[in-house]
Amino acid sequence: MATIQEKISALIPEASFAEVQGLQVSVPDAQWHKLAKALYEDANSPFDYLTTIVGMDWGETLGCIYYLESTRTGNRLSVRVETADRQNPQLHSVADLWESANFYEREVYDFFGIVFINHPDMRRLFLRRDWVGHPLRKDYDASPEVNPIRLHHEEAYDTTVSYVEQPDGKIVKTEPVIFEPDDYVINIGPQHPSTHGVLRLRCSLDGEFIKKIDPYCGYIHRGIEKMSESLTYPQTLHFTDRLDYLSAMQNRHALCMCIEDAMQVEIPERAKYIRTINDELMRISSHLLFWGTFCNDLGSTTALIYGFREREMVLDILEETTGARMSFHYNKIGGVMHDIHPDYQRKIKEFCKIMPERLKEYHRFFTGNVIAQGRMHGISVISKERCIAHSMTGPSGRASGWACDVRKRIPYALYDKVEFDEVLRTEGDIYARYMVRMDEILQSIRIIEQLIDNIPEGPVSEKMKPIIKLPEGQWFRQVEASRGAFGVYIESRGDKYPYRLKFNSPGMMLVASLDEVCRGGKIADLIAGGGSLDYVIPDIDR
Amino acid sequence: MQYEDFKDNESLEKLVEELNAAGTNVVVGVFDDIINWGRSNSVWPLAFATSCCGIEFMSVAAARHDMGRFGFEVTRNSPRQADFLMVAGTIVHRMAPILKRVYDQLAEPKYVIATGACAVSGGPFRNSFHTVPGIDQILPVDVFVPGCPPRPEAMLYGMMQLQRKIKVENFFGGVNRKQKREEFFKDKE
Ligand code: SF4
């Protein structure tokens, strides 16, 4: 059987190969779509999961790195494609193959100005339409005179642009329609209590039924990736706690791991234990908040109070050790900041005893309720294949039967040493997504119970030099955050600052899939459907 | 909390002095006191929660910290039903016009609390190209609560400071606030 490399070079002789954390292929843009199609349709190991697209400014040229994975065989591959020049950067779109490329390419267009040919909807994703420049380019002019704080409102456009390649190779600009003039369009958000953050949806209706949803992001785009490029590595860490603040521990874990990979540092065993336990505590607290807010969205206000009651217990445990309730800043490069609090183990064990009882209470109190059941079963369904196409990871993907847990796929920290089940369901509806989270709380407790008594003695961090420089190269690492696979990409040129730092958030794909998940359903179920996906907007906007 | 337990009593006293500079009618003053007693014990927030601080604000509303104890009762989601704007979280360029619109929609008398480093000054994201470095660039702010995120206790403290501010105001006849606001927006136009 031919290896992937042989297959690719047979198909595209110009392709060159490199070994960067696995195989990396470089192809010219003209061949890219052909290669993408071949990879996507490969008979043995179809690369059906597009992990992320990293936009890049390499100085001379712009370009993208595509991270692909096959859900059948677990093979991974990255592809590097460069544009011909800086002035008029263009690449061919792969949005016709991977649904998730739609949003990723819009993001790259927004940040780098690369136009994707044949992309159906070439609008900015995060910034306003009248924004000047593309911020992640190295030659971007950030002075406030160019982009002052604009206090006039954005216009809502019902059309978009698309650059379509004709059979003769000419590229024609077209104006596809998003909403027809006689569509009934309503606007939800960005200041809306049930969109879970500042998400804005424009939504066209046919009577009570949803015809189409058009999500708008960027209402909390803080420019983290751009800022990171002028901060040292230890300084970039603090942003991770504020991306998805409900996965603060896991996000920071990802960035630390990525940097440790690059420096080839092995962290002490004790730190690994602490990190794993904290990740799981964080997951529990996030799922508890999900439970509270989701039930609140469905009209059960009391649930919010219950969910927060248990969440406060977790926060207390973490606060004793880290000193903060939300922005923990606990992981650091080479280990963790300081040792655990003397009460840490005792309190966690107490909590692990209480929590399963409380879960039973939740089920008695909400899950079994007739109204709740009626609002969850068989609504907002998405199939496994579509989940993969949308790169919908995390509990939402697992609710449709896709075994996408990074802890199992690419074990890190201690996840290959502990026993736990990947919670899978097949229905793919709201109820499945809800139950997966509830059951994951139990699995997290199971993980914690295996570790908590065995934390080895020893130091909690490696000694690091005060100035951390990474060698030249690129690294990509993933962890399982509370709502899916969270990735970090670093490209270094040997400085103490990253040349490019990208966070790949799971939430973006959840929002991108919202149209498909909720289309055809009732408008009243939009809030339930969106709530069950459980996205956090600052994580998407970064 | 006792009067002495609050910090920054000086600015409050200064405010009282300013307000009373023109002298107060006795009858109006008594009415003021009654009305302000009522107003200050029932101030409902509009949660303009954009990010992390918003989650801490939810903790303030939940059972453990329970802001209902101090008269903040429930958060309202419509500006028409709220008394003050609780800006919790980073405000970015794209959000700025919306924040301004929500503020305009609040009914008089209205107040603003800037919660968290982000709302106060841009916080960790101050140097970003897309962050508003402090909402006082676009709105008049009554109370600033620093912290990243501020502890729930700090948020409650900030909200109680607002109550004290409301208590000393001249509700009748006093146009001081409105004048100040007009001045604030004059040079923004
Ligand atoms: S002040 Fe800190 S916690 Fe609050 S919104 Fe800003 S970054 Fe988040």
Side-chain angles (χ1 to χ4, degrees), chain A residues 126-128 131 133 135 140-144 146-154 189-194 197-198 200 216-224 226-227 230-231 238-239 241-243 245-246 248 289 292-293 304-309 311-312 315 324-327 536-538 541, chain B residues 46-56 58-66 74-79 85 89-102 105 116-118 122-133 135 137-139 147-152 185 188-189:
Chain A
F126 295 124
L127 304 177
R128 292 170 64 122
W131 192 265
Y140 173 70
D141 179 4
S143 52
V146 182
N147 286 303
I149 302 174
R150 297 178 175 87
L151 283 182
H152 60 269
H153 283 268
E154 288 169 83
Q191 164 61 12
H192 187 282
S194 297
V198 286
R200 177 176 169 213
Y216 285 70
C217 302
Y219 288 94
I220 183 83
H221 172 62
R222 298 141 148 181
I224 287 179
K226 182 73 179 175
M227 269 190 288
S230 50
L231 294 177
H238 81 277
F239 289 135
D241 291 53
R242 296 171 170 85
L243 280 167
Y245 32 78
L246 302 176
L289 189 97
T293 50
L304 186 81
I305 309 287
Y306 278 67
F308 266 82
R309 180 183 65 186
R311 182 170 175 265
E312 290 285 342
L315 293 190
R325 284 166 52 89
M326 275 186 74
S327 321
V536 162
I537 309 299
D541 289 354
Chain B
L46 175 104
F48 200 89
T50 61
S51 45
C52 352
C53 280
I55 303 289
E56 275 302 72
M58 281 165 72
S59 305
V60 177
R64 187 178 190 180
H65 301 283
D66 189 13
V74 283
T75 56
R76 296 279 86 185
N77 300 314
S78 162
L85 194 57
T90 326
I91 299 299
V92 300
H93 281 224
R94 200 173 191 181
M95 199 61 169
I98 291 153
L99 176 63
K100 178 75 176 25
R101 178 187 277 182
V102 171
Q105 287 173 343
C118 284
F125 311 103
R126 190 178 169 83
N127 295 331
S128 162
F129 62 92
H130 201 241
T131 307
V132 176
I135 58 161
Q137 306 259 330
I138 45 177
L139 295 182
C148 184
R151 295 188 56 86
F185 284 116
K188 304 270 168 206
E189 310 280 78

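Keep in mind it's a predicted model, so treat the numbers as computed, not measured. Numbered from 1 within each chain, the chains take letters A, B, ... in sequence-line order. Note that these values count all heavy atoms, side chains included, but never hydrogens, waters or copies made by symmetry.
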Are any side-chain N or O atoms of Arg94(B) and backbone N or O atoms of Cys217(A), one a donor and one an acceptor, separated by less than 3.5 Å? yes
Quick one: what part of Arg311(A) sits under 4.5 Å from any heavy atom of chain B, side chain, backbone, both or neither? side chain
Heavy atoms only, distances under 4.5 angstrom: which of Pro538(A), Gly218(A), Ser230(A), Ala248(A) has the most pairs with chain B? Name it, please. Gly218(A)
Any Tyr140(A) side-chain heavy atom under 4.5 Å of Phe129(B) side chain: yes
Counting N and O atoms only, with roles assigned by atom type, does the side chain of Ser51(B) sit under 3.5 Å from a partner on the main chain of Gly89(B), one being a donor and the other an acceptor? no
Output the option from Val102(B), Asp66(B), Leu99(B), Val92(B) having the highest count of non-hydrogen pairs under 4.5 Å with chain A. Val92(B)
Report which part of Thr131(B) has an atom under 4.5 Å of a heavy atom belonging to chain A: side chain, backbone, both, or neither. side chain
Side chain / backbone / both / neither for His238(A) at chain B, heavy atoms under 4.5 Å: side chain
Which residues satisfy the ring pair (Phe, Tyr, Trp, His ring centres under 6.0 Å) test with Tyr216(A), sequence neighbours excluded? none
Tell me, side chain or backbone of Ile91(B) under 4.5 Å from chain A's heavy atoms, or both, or neither? neither
At a heavy-atom separation under 4.5 Å, does Arg309(A) approach chain B through its side chain, its backbone, both, or neither? neither
Interface moiety of Phe308(A) toward chain B, non-hydrogen atoms closer than 4.5 Å: side chain
Please identify each residue that fulfils side-chain hydrogen bond (donor to acceptor under 3.5 Å, both in side chains) with Arg64(B), with sequence neighbours left out. Glu312(A), Asp316(A)
Full working for side chain to side chain contact (heavy atoms under 4.5 Å, CB included) between Thr50(B) and Tyr219(A): CA-CA 8 Å; Thr50(B) 61; Tyr219(A) 288 94; over 6 Å; no
Residue, of Ile98(B), Val132(B), Asn127(B), that accumulates the most heavy atom pairs under 4.5 Å with chain A: Ile98(B)
Do the rings of His221(A) and Phe126(A) sit parallel, tilted or perpendicular, given the 30° and 60° boundaries? parallel
Checking the side chain of Arg222(A) only, and the main-chain atoms of Arg242(A) only, is there a donor and an acceptor separated by less than 3.5 Å? yes
With a 4.5 Å cut-off on heavy-atom pairs, point out which of Ala63(B), Ala96(B), Cys148(B) contacts chain A the most. Cys148(B)
Among Ile220(A), Ile305(A), Val198(A), which residue forms the greatest number of heavy-atom pairs with chain B at distances under 4.5 Å? Ile220(A)
Looking at Leu127(A), Leu289(A), Ile537(A), which makes the most heavy-atom pairs under 4.5 Å with chain B? Leu127(A)
Evaluate the ring planes of Phe125(B) and Phe239(A), with Trp represented by its six-membered ring, and classify them as parallel (under 30°), tilted (30 to 60°) or perpendicular (over 60°). parallel
Which bit of Thr293(A) is near chain B, if near means a heavy-atom gap under 4.5 Å: side chain, backbone, both or neither? side chain
Ala49(B) versus chain A, the contacting section by heavy-atom distance below 4.5 Å: backbone
Note, Phe48(B) side chain near Met95(B) side chain (heavy atom, < 4.5 Å): yes
Residue selection (most heavy-atom pairs with chain A, distance under 4.5 Å) from Ala62(B), Ser59(B), Ala47(B): Ser59(B)
